[in-house]
Amino acid sequence: MKSHPWKWVRRFLLSLVILLILGVLGLSMYVKPSEPIGWAAPVHVSIRERIEQMIDQRSFEIKITEDEINGYASEWMLTEGFKRPEIKRWNLQGLWIAAENEFLHLRVVAKPWLGLEVEVNLDMKQEYDASTGLIKLIPIKLYVKDIELPLHWFNLKTIEVKPTDYMTDWVKVKSIDFGEHYWMVRLGLSL
């Protein structure tokens, strides 16, 4: 008795569908965050209040710790960041920033598709340009777990932050030193 030729095609397609389902399940387990990140607690002292404390203490430096950087970043994301379409589309669930000298290491949890939770790591080079007064955060490496992904796939751009936007008009930033787990901001008066 001869077997029907379509029987083998059906078996092959069924095997292919099962392999595809197992592959998707395995990939979703692989990209799942190793630990929950969430959002850092907001910082209860504003930059303006820190400047007032600096003036009272007659100090011209403010040390912003890694926890404060995370707090300010989370506060910005929750108030302004989610209004931007390039951020909104990724459905971010958490952010943690580690400051390591001239680099920032960002761990981000996103739910981009059908509730699939993905942990993405982004390394950025940080620079302060005294002539323009801008902090520039330049993306240099993006990866999921140990798999590095090309930056152009995600159209990542340099983030520019102007610290004077968060300060009074008579205060200017002279320099910023990026240290291990902190930023040291040296201020001056603009009279």
Would you give the length of the straight line joining atom [atom1] of [X] to atom [atom2] of [Y], rounded to the nearest 0.5 angstrom?
X: Ser15; Y: Arg10; atom1: OG; atom2: CZ; answer: 13.0 Å
X: Leu134; Y: Lys162; atom1: CG; atom2: NZ; answer: 6.0 Å
X: Lys111; Y: Trp90; atom1: NZ; atom2: CH2; answer: 16.0 Å
X: Ile97; Y: Ser74; atom1: CD1; atom2: OG; answer: 7.0 Å
X: Ile176; Y: Ile62; atom1: CD1; atom2: CD1; answer: 10.0 Å
X: Ile138; Y: Glu160; atom1: CD1; atom2: CD; answer: 9.0 Å

Handout entry: Centroid-centroid distance, Trp39 to Phe82, less than 6.0 Å
Key =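 They qualify: ring centres under 6.0 Å apart.
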Problem - Salt-bridge contact Glu127-Lys136 (side-chain N to carboxylate O under 4.0 Å) - result: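 A salt bridge is absent here (no side-chain N lies under 4.0 Å from a carboxylate O).
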[Y] side chain reached by [X] side chain, heavy atoms, under 4.5 Å:
X: Lys145; Y: Tyr30; value: yes
X: Trp96; Y: Asn70; value: yes
X: Ile37; Y: Leu95; value: no
X: Phe178; Y: Phe103; value: no
X: Glu68; Y: Tyr182; value: no
X: Val173; Y: Leu187; value: yes
X: Trp183; Y: Ile69; value: yes

Exercise for the section: Answer with yes or no whether the hydrophobic clustering places Val24 together with Val144; edges join I, L, V, M, F, W, Y residues whose side-chain heavy atoms lie under 4.5 Å apart. Expected result: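 Different clusters: Val24 never reaches Val144 through Ile, Leu, Val, Met, Phe, Trp or Tyr contacts under 4.5 Å.
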Practice task
Show your reasoning for whether side-chain contact (heavy atoms from CB on, under 4.5 Å) applies to Leu137 and Thr158.
Solution key: CA-CA 6 Å; Leu137 305 173; Thr158 299; 5.8 Å; no
Practice task
Run through the side-chain heavy atoms of Ile, Leu, Val, Met, Phe, Trp and Tyr, join any pair under 4.5 Å, and report what else lands in Val17's cluster.
Solution key: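 Listed partners: Ile21, Leu25.
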Handout entry: Transitive ILVMFWY cluster of Leu22, excluding itself - 4.5 Å side-chain cut-off
Key =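 Hydrophobic cluster check, Leu22: joined to Leu14, Ile18.
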Problem - With sequence neighbours excluded, residues passing side chain to side chain contact (heavy atoms under 4.5 Å, CB included) with Arg11 - result: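 So Arg11 forms a side chain to side chain contact (heavy atoms under 4.5 Å, CB included) with Lys7, Trp8.
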Practice task
Would you please name every residue forming a side chain to side chain contact (heavy atoms under 4.5 Å, CB included) with Glu180, sequence neighbours left out?
Solution key: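 Partners of Glu180 under the side chain to side chain contact (heavy atoms under 4.5 Å, CB included) test: Glu100, Asn101.
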Donor-acceptor pair, side chain of [X] and main chain of [Y], under 3.5 angstrom:
X: Tyr128; Y: Val185; value: no
X: Gln93; Y: Asn91; value: yes
X: Glu102; Y: Lys125; value: no

Exercise for the section: Could you check Asp129 against Ser131 for side-chain hydrogen bond (donor to acceptor under 3.5 Å, both in side chains), going step by step and ending with a plain yes or no? Expected result: CA-CA 6 Å; Asp129 186 359; Ser131 63; 2.8 Å; yes
Handout entry: Stacked cation flag Lys141 on Tyr143, 6.0 angstrom / 45 deg
Key =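 Yes, a cation-pi geometry.
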Exercise for the section: Return the minimal non-hydrogen interatomic distance between Pro163 and Gly133, and the atom names on each side. Expected result: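 For Pro163 and Gly133, the tightest heavy-atom pair comes out as CD-O, 3.2 Å.
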Under 3.5 Å, side-chain donor or acceptor atoms of residues 116-123 against the rest of the protein: list the pairs with distances, not counting sequence neighbours.
{"unit_1": "Glu119", "atom_1": "OE1", "unit_2": "Ser34", "atom_2": "N", "d": "3.1"}
{"unit_1": "Glu119", "atom_1": "OE2", "unit_2": "Arg107", "atom_2": "NE", "d": "3.2"}
{"unit_1": "Asp123", "atom_1": "OD1", "unit_2": "His105", "atom_2": "ND1", "d": "2.5"}

For residues 149-156, please give each side-chain donor-acceptor pair under 3.5 Å, one per line with the distance, not counting sequence neighbours.
none

